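Just below is one structure, and these are the notes that go with it.
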Amino acid sequence: MKQDFTDSFKEMIRQAREVAIELRAGYISTLHFFLAECKNDEASFGIRSFLFPDKARFQQYYEALLAIQQYYCPGYSDPGDLPLLKEAERAIFESFIEQKKFGHAEVIPAHLFLAAVRDAGSELNRAITQKEDLYDRLLSYYMSTGLM
């Protein structure tokens, strides 16, 4: 499969690894992709604005996750290569379907998040409390911002 990812998608993948390490996880999940994209200040109309319109609320959420992980994993050391969870692999695969559905030349972060919220077993979907019509609401948001 030819992987046509935008530079922003490639950067999000790199940042997801850093987030997973910072949160002391031994893996990379769709939640880490989400957190990486939210930490990216350049993604002003990305998924953070959809779920956390107030950037300060996202920062509080992230700091709470960090505190929990530091409490549960005090002896953490750099894990080296982090594997993708199966749900993250599925989301990346499904992002190609989203790309084709919308006729885009490359896969963008929005495709991954649309794929992840469609998957009931994804870590991102589990972290979001308002699940009713989530895919449709996120898609409408992306369309209103011009990402789709």
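This structure is a prediction, so every number in the text was calculated from the model and none was measured. The first residue in the sequence is number 1, and the count goes up from there.
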Are there more than 12 heavy atoms of other residues, nucleotides or ligands under 6.0 Å from atom NZ of Lys101?
yes
Can you establish whether the number of heavy atoms outside Arg57 located under 6.0 Å from its atom CZ is more than 12?
no
Look at the side-chain heavy atoms of Ile, Leu, Val, Met, Phe, Trp and Tyr, link any pair under 4.5 Å apart, and say whether Val117 and Ile108 land in one connected group.
no
Are Tyr27 and Leu65 connected in a single hydrophobic cluster, I mean Ile/Leu/Val/Met/Phe/Trp/Tyr linked by side-chain heavy atoms less than 4.5 Å apart?
no
Got [X] and [Y] here, is their nearest side-chain heavy-atom distance under 4.5 Å?
X: Glu87; Y: Glu123; answer: yes
X: Phe113; Y: Met12; answer: yes
X: Leu51; Y: Leu138; answer: no
X: Leu85; Y: Thr30; answer: no
X: Val107; Y: Phe96; answer: yes
X: Thr145; Y: Phe50; answer: no

Do the two ring centres, one from Phe9 and one from His111, sit under 6.0 Å apart?
no
Looking only at heavy atoms, the pair that brings His32 and Leu23 closest together is CD2-CD1, 4.2 Å
